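Since the structure is predicted, the reported quantities are computational estimates derived from the model, not experimental observations. Count residues from 1 along the sequence. All values below were derived from every heavy atom in this structure, side-chain atoms included, with hydrogens, water molecules and symmetry-related copies excluded.
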Amino acid sequence: MMDRAQLLLVGLPLLLFCSDVFRLFSPPPPKPAAHHYSPPAPVIQQPQTLDFPTQSASGGIGGIGLGNTVNIDFCSSCSYRGTAVTMKNMLETQFPGIHVVLANYPAPFPKRVLSQVVPIVQFGVIGIIMAGDQIFPRLGFAVPPPWYYNLRANRFGSMASTWLLGNFLQSMLQSSGAFEVSCNGEPVFSKLKEKRFPGEIELKDLVGRRIANVRGTDGFRSAWS
C-alpha cells in the first residue's frame, strides 16, 4: 500500500489535470458590461439683462415742460441777448419740452420817435459842415453863423464827433433796459421793476412754480369735469 505522501504526490497532479480539462471544455464566463464615463454637459449661462425704469415723455419728468411757453423779452440794443440765450438753454435743460421764445422789448413810443430823428440831424450837420457856404445863402443868411466857422475849422473832427454822438444818442433812445420773463402769458420776472437780472436758480424756481400751478389747475378742472 502506498503511504499518504505518495497518494498526495500522485493525486495532486491528477486533480490539477482534471481541472484544466474541465476548464477547457466549459463555456467562457460572460464579460461584464462596460461602463463608459461621459462628462456632464457644460452649463451655458445666458447673460442677464437689467431692466431699468423708463420715463415717458408725456407723464414723466422727461415731459415736464410740454405744453408750456416762456417768453423772454429783452433789450437787444443793451447787449442782453447773451443773457437771454443762456436763460433759454437753462430752461430747456431743466424743463424738457418747454418752448422758450426770445424777442426784443421795444422802448417807449416817444423815445422810438426821437431815435428816428437822430440820423436826420446827423446827416444835416455833416452836410452843413461840408457845404455850408452854399446852404446858408439859400436859407436867407447872408453870413453864416459863428458856430459854422468853428465847425469848419476842424472839419473832419467835427464830422466824426457828430457821427459818434448821434450813434450814442440813438442807442440810448432805443434801449429799454428790459428783461421781462413770462410763463404761459403770466409775468414771472421783470427787470424794470426789480432793477436787476434774475439768477438762473431763481428763474428756474419761478418757472417751475408756474408750471406746477398750471398742472394743478388743469388736474382740478379735469377732476371736476
### Query
Would you find more than 12 non-hydrogen atoms of other residues, nucleotides or ligands less than 6.0 Å from R81 atom CZ?
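Count not over threshold, so no.
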**Item:** More than 12 heavy atoms of other groups within 6.0 Å of I201 CD1
**Value:** no
Please check: side-chain N/O of [X] versus main-chain N/O of [Y], any donor-acceptor pairing under 3.5 Å?
X    : Y    : result
K191 : G177 : yes
S176 : A107 : no
N104 : S76  : yes
S175 : M172 : yes
N71  : V101 : no
S171 : N167 : no
Q122 : W163 : yes
N150 : Y148 : no

In terms of side-chain geometry, is the basic nitrogen of E202 or R196 positioned less than 4.0 Å from the acidic oxygen of its partner? yes
### Task
Answer yes or no: is there an ion pair linking K204 with E200, defined by an N-O contact shorter than 4.0 Å?
no
To the nearest 0.5 Å, what is the distance between [atom1] ([X]) and [atom2] ([Y])?
X    : Y    : atom1 : atom2 : value
M130 : L151 : CE    : CG    : 13.5 Å
Y149 : R152 : OH    : CZ    : 9.5 Å
E92  : H99  : CD    : NE2   : 9.0 Å
S115 : Q170 : OG    : CD    : 6.0 Å
N184 : N68  : CG    : CG    : 4.5 Å
T162 : I128 : OG1   : CD1   : 10.0 Å

Closest non-hydrogen atom pair, [X] against [Y]:
X    : Y    : result
I64  : I211 : O-CG2, 3.7 Å
I129 : S158 : CD1-CB, 3.7 Å
F74  : A84  : CD2-CB, 3.7 Å
Q134 : R138 : O-CG, 3.4 Å
I72  : M87  : CD1-CB, 4.1 Å
V188 : L206 : CG1-CB, 3.3 Å

Do the side chains of [X] and [Y] join up, straight or via other hydrophobic residues, at under 4.5 Å, putting them in one cluster?
X    : Y    : result
V113 : L169 : no
I126 : V121 : yes
I120 : L139 : no
V125 : L173 : no
F123 : F136 : yes

**OP:** Under the side chain to side chain contact (heavy atoms under 4.5 Å, CB included) rule, what do E194 and F189 come out as? Steps first, then yes or no, please.
**Re:** CA-CA 8 Å; E194 301 292 337; F189 185 89; 3.7 Å; yes
Q: Kindly say whether the aromatic ring centers of F179 and F197 come within a distance under 6.0 Å.
A: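 Yes, they do, as the ring centres are separated by less than 6.0 Å.
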*asked:* So T69 and I98, do their side chains get closer than 4.5 Å, heavy atoms only?
replied: no
- With side chains defined as the heavy atoms from C-beta onward, is the minimum distance between E186 and R210 less than 4.5 Å? yes
Handout entry: Test side chain to side chain contact (heavy atoms under 4.5 Å, CB included) applied to L192 and Y105, step by step
Key = CA-CA 11 Å; L192 296 177; Y105 190 95; 3.9 Å; yes
Report task. Let me see the working for S77 and Q174 under side chain to side chain donor-acceptor pair (under 3.5 Å), right down to the final yes or no. Result -> CA-CA 7 Å; S77 61; Q174 290 178 348; 5.3 Å; no
